[in-house]
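As C-alpha cells, the structure follows; a few thoughts come after it.
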Amino acid sequence: MSATLLAACGEATQASDATPIESADLQRRKYKETVATILADERAAFEVFFGPEADTWATLEGISGAVQQAIEFRDIMRDAQARAAELEAPTLGTLFHGTFLEHFDRFVGDAEVIRDAVSAGQAEKALATYQRLRRGAFERLDFLSDRLALIDG
C-alpha cells in the first residue's frame, strides 16, 4: 500500500511539474495569437490611412480634408494600444513586448498632431507628420511580425 501511495504521489508531482511547462507554452501561444491579431488590425488601419487615398492626403489640400480619417486612425491605434498593454509577455517575449508597446504612442500622438494641425490651419505641419508616419508604418509591422516568430526561441 505504501508503494502505491508513493507511486501516486510521485506521479502527481510529475504531473504538476509538467503543468508549468504546458502553461508557459499555452501562454506563449495565446500571446502570439493576440499580438498577431493586433498587428493584423493595425495593418488594416494602415492600409486605409496610407492606402488608396494616401496620395490625395499627401498634399496640403488633401491633408486638410483628412481630419476624420486621422481621428479614426487614432482611435484604432488607441484600441490596439490598450489591448497590447493588457497582455502579459511570456518569458521569451519580454524584449519583443517592449518594442511592440513603444511605437503605439508615436502613432496615437502623430494622429493627434495631424488632427490638431489641420484644425489650427497648419496644413504644412499636418502634411509633414503624415508623411513621416506613412514612411515608417509598414516597416514597423513587418519588423514586429518577423520578431514575433522569434518568441519561441
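Only heavy atoms go into these numbers, but all of them, side chains included; no hydrogens, no water, no symmetry mates. These numbers were taken from a predicted model, which means no experiment stands behind them.
When all heavy atoms of Gln131 and Ala58 are compared, the closest pair comes out as NE2-O, 3.7 Å. Across all their heavy atoms, Ala111 and Arg74 have their closest contact at CB-CB, 3.5 Å.
Listed by first and then second residue, the ring-ring contact (aromatic ring centres under 6.0 Å, His included) pairs that reach into residues 59-81 are Phe46-Phe73, Phe49-Phe73, Phe50-Phe73, sequence neighbours excluded.
More than 12 heavy atoms of other residues, nucleotides or ligands lie within 6.0 Å of CD in Glu139, so this atom counts as buried by the packing criterion. Other residues, nucleotides and ligands contribute only 12 or fewer heavy atoms inside 6.0 Å of the NZ atom of Lys125.
Rounded to the nearest 0.5 Å, atoms CZ (Arg83) and CG (Asp41) are 4.5 Å apart. If you take CD1 on Ile76 and CD on Glu42, they are separated by 10.0 Å, rounding to the nearest 0.5 Å. Note that OH of Tyr130 is 10.0 Å distant from OG1 of Thr59, once rounded to the nearest 0.5 Å. Here CE of Met77 is found 9.0 Å from CG of Leu133. Values are rounded to the nearest 0.5 Å.
Leu141 is not connected to Val48 by any chain of hydrophobic side-chain contacts under 4.5 Å among Ile, Leu, Val, Met, Phe, Trp and Tyr, and they are in different clusters.
Side-chain contact between Glu72 and Asp75 is absent, with no heavy atoms from C-beta onward closer than 4.5 Å. Two residues are said to be in side-chain contact when any heavy atoms from C-beta on lie closer than 4.5 Å; Arg28 and Ile151 meet this criterion. Between Arg43 and Asp142, some side-chain heavy-atom pair lies under the 4.5 Å cut-off. Side-chain contact between Arg140 and Arg106: absent, with no pair of heavy atoms (C-beta onward) separated by less than 4.5 Å.
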**Prompt:** Asp25 and Arg29: salt bridge (Lys or Arg N to Asp or Glu O under 4.0 Å), yes or no, with the steps?
**Reply:** CA-CA 6 Å; Asp25 288 343; Arg29 190 172 41 245; over 6 Å; no
When the side chains of residues 112-123 are checked against the rest of the protein, which donor-acceptor pairs come out under 3.5 Å, sequence neighbours left out?
unit_1 : atom_1 : unit_2 : atom_2 : d
Glu112 : OE2    : Arg78  : NH2    : 2.4
Ser119 : OG     : Arg115 : O      : 3.0

Distance-only donor-acceptor hits, side chain of residues 84-101, under 3.5 Å, sequence neighbours excluded:
unit_1 : atom_1 : unit_2 : atom_2 : d
Thr94  : OG1    : Thr91  : O      : 3.3
His97  : ND1    : Tyr31  : OH     : 2.6
Thr99  : OG1    : Leu95  : O      : 3.3

